[in-house]
Novice: 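Dropping a structure here in C-alpha cells format, bear with me for questions.
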Amino acid sequence: MTFHPVFIKNVDLILGDEATGQNFKCQLKSIQLTPDTNVVKEKTACPEGQFAEVEDPEWNLELGYLYGVEDAGESLADYLLEHKGKKVPFTFRPKAGGPGYTGTVTLMAGGLGGDVGQFSSASVTLPLDGQPVKVAAITP
C-alpha cells in the first residue's frame with residue numbers, strides 16, 4: 001500500500017448540519033484539528049521510580065480566515081460573532097467531498113479588521129466536545 005500525503009487545497013468546512021449548514025471553505029486560509037495532551041510524570045528517589053501517563057487529548061479546531069463580506073451567505077467572522085457560545089456540529093473534509101472528520105465545537109468570536117493596506121485576516125481556536133470522528137467520503 002502506498003502512502004499519499006494530503007495537499008490542503010480544496011477543503012470543506014461546514015458549520016451546522018452537513019446537509020443544511022454553511023460551507024466556509026472559500027474564506028479559510030488554514031484549518032487544523034489539534035490535540036492538547038497533558039503528560040503526567042512522577043519520580044521517586046530510586047532509579048526505577050519514574051512513572052508517566054498520558055491523559056486523553058482535548059481537541060481544538062483551529063481556523064485561519066479572511067475577514068470580509070460573503071455574497072451568498074454569512075461571513076465566517078460574522079457567523080462566529082452572531083453564534084458565540086453555541087455548540088454546533090462541524091464537518092471538515094481535507095479534500096472536498098472526500099473522507100474527513102466531524103464533531104461538535106463551541107463557537108467563539110474571532111478577530112475583526114486588520115492592518116491598513118493588507119487583506120484582513122484573523123484566526124480562532126474552537127474547542128471540541130470529545131474527539132473528532134472520522135467520516136467516509138460522500139458517495140455520488
Side-chain angles (χ1 to χ4, degrees):
M1 180 177 252
T2 304
F3 172 77
H4 299 280
V6 174
F7 188 79
I8 302 294
K9 182 177 178 182
N10 183 19
V11 306
D12 283 328
L13 172 64
I14 300 163
L15 294 178
D17 181 70
E18 186 170 13
T20 59
Q22 187 169 341
N23 195 336
F24 290 100
K25 68 181 179 180
C26 291
Q27 299 174 41
L28 291 179
K29 291 178 51 167
S30 63
I31 179 169
Q32 187 168 1
L33 285 163
T34 56
D36 183 12
T37 306
N38 187 34
V39 178
V40 179
K41 294 181 179 182
E42 286 292 337
K43 185 176 180 180
T44 66
C46 69
E48 304 83 32
Q50 297 182 19
F51 306 93
E53 287 291 333
V54 178
E55 291 184 349
D56 291 337
E58 295 178 8
W59 287 85
N60 293 299
L61 178 62
E62 297 179 354
L63 305 174
Y65 59 94
L66 292 176
Y67 169 68
V69 177
E70 174 64 44
D71 293 336
E74 201 168 19
S75 73
L76 178 57
D78 289 341
Y79 181 88
L80 294 171
L81 181 62
E82 183 178 323
H83 300 284
K84 67 186 177 301
K86 291 184 181 175
K87 292 183 181 289
V88 300
F90 77 92
T91 302
F92 164 48
R93 296 182 183 277
K95 184 174 181 184
Y101 303 90
T102 189
T104 300
V105 291
T106 301
L107 299 180
M108 299 170 47
L112 305 169
D115 294 333
V116 172
Q118 302 290 318
F119 286 110
S120 178
S121 65
S123 63
V124 67
T125 299
L126 306 176
L128 266 72
D129 287 354
Q131 297 193 65
V133 176
K134 191 167 183 173
V135 292
I138 297 171
T139 55

Novice: For the atom pair CD (E74) and CD (E82), what is the distance rounded to the nearest 0.5 Å?
Specialist: 4.5 Å
Novice: Between N38 and D36, does the side chain to side chain contact (heavy atoms under 4.5 Å, CB included) criterion hold? Intermediate values first, please.
Specialist: CA-CA 7 Å; N38 187 34; D36 183 12; over 6 Å; no
Novice: As an exercise, state the distance from CG of N60 to CG of L128, rounded to the nearest 0.5 Å.
Specialist: 7.0 Å
Novice: Determine, stepwise, if the pair L107 / K84 fulfils side chain to side chain contact (heavy atoms under 4.5 Å, CB included).
Specialist: CA-CA 5 Å; L107 299 180; K84 67 186 177 301; 5.5 Å; no
Novice: So V124 and L76, side chain to side chain contact (heavy atoms under 4.5 Å, CB included) or not? Walk me through it.
Specialist: CA-CA 11 Å; V124 67; L76 178 57; 5.9 Å; no
Novice: If every non-hydrogen atom of I31 is compared with every non-hydrogen atom of L61, which pair is closest and at what distance?
Specialist: CG1-CD1, 3.9 Å
Novice: Using every non-hydrogen atom in the two residues, find where D12 and G97 come nearest and quote the distance to one decimal.
Specialist: OD2-N, 3.0 Å
Novice: Any side-chain heavy atom of L80 within less than 4.5 Å of one from M108?
Specialist: no
Novice: Starting at CG of L13, measure out to NZ of K25 and round the result to the nearest 0.5 Å.
Specialist: 10.5 Å
Novice: Do P57 and Q131 make a side-chain contact, defined as non-hydrogen atoms from C-beta onward lying under 4.5 Å apart?
Specialist: yes
Novice: Should L66 and I14 be regarded as members of a common hydrophobic cluster, given that ILVMFWY residues are connected when their side-chain heavy atoms come within less than 4.5 Å of each other, either directly or indirectly?
Specialist: no
Novice: Quick check: closest heavy atoms across Y101 and P132, and the distance to 0.1 Å?
Specialist: CB-CB, 4.2 Å
Novice: Transitively linked via ILVMFWY side-chain contacts under 4.5 Å: L63 with V6?
Specialist: yes
Novice: Taking the six-membered ring for Trp, are the ring centroids of F24 and Y79 within less than 6.0 Å of each other?
Specialist: yes
Novice: Do the side chains of T34 and T125 get nearer than 4.5 Å, heavy atoms only?
Specialist: no
Novice: Shortest non-hydrogen contact from P94 to P99?
Specialist: CD-O, 3.4 Å
Novice: Does the side chain of F90 reach to within under 4.5 Å of the side chain of L33, using non-hydrogen atoms?
Specialist: yes
Novice: How many angstroms lie between atom CG of L112 and atom OG of S120, to the nearest 0.5 angstrom?
Specialist: 8.0 Å
Novice: When rounded to the nearest 0.5 angstrom, what is the spacing between OH in Y65 and OG in S123?
Specialist: 7.0 Å
Novice: Indicate yes or no: at least one non-hydrogen side-chain atom of P127 is less than 4.5 angstrom from one of E58.
Specialist: no
Novice: Taking everything shown except K95 itself, do over 12 heavy atoms lie less than 6.0 Å from its NZ?
Specialist: no
Novice: Counting only N and O atoms by type, is there a donor-acceptor contact under 3.5 Å from the side chain of R93 to the main-chain atoms of N10?
Specialist: no
Novice: Say you draw a straight line from OG1 of T91 to CG of D17; how long is it, rounded to the nearest 0.5 Å?
Specialist: 8.0 Å
Novice: Report yes if some heavy atom in the side chain of H83 is under 4.5 Å from a heavy atom in the side chain of L15; otherwise report no.
Specialist: no
Novice: Give me the atom names and distance for the closest heavy-atom approach of A122 to G111.
Specialist: CB-O, 3.7 Å
Novice: Is it true that atom CG of D115 has more than 12 heavy atoms of other residues, nucleotides or ligands lying nearer than 6.0 Å?
Specialist: no
Novice: Do V135 and E18 make a side-chain contact, defined as non-hydrogen atoms from C-beta onward lying under 4.5 Å apart?
Specialist: no
Novice: Answer yes or no: is there a donor N or O on one side and an acceptor on the other, between the side chain of T104 and the main chain of D129, under 3.5 Å?
Specialist: no
Novice: Locate the shortest heavy-atom distance separating S75 from G68; write the atom from each residue and the value.
Specialist: CB-O, 3.1 Å
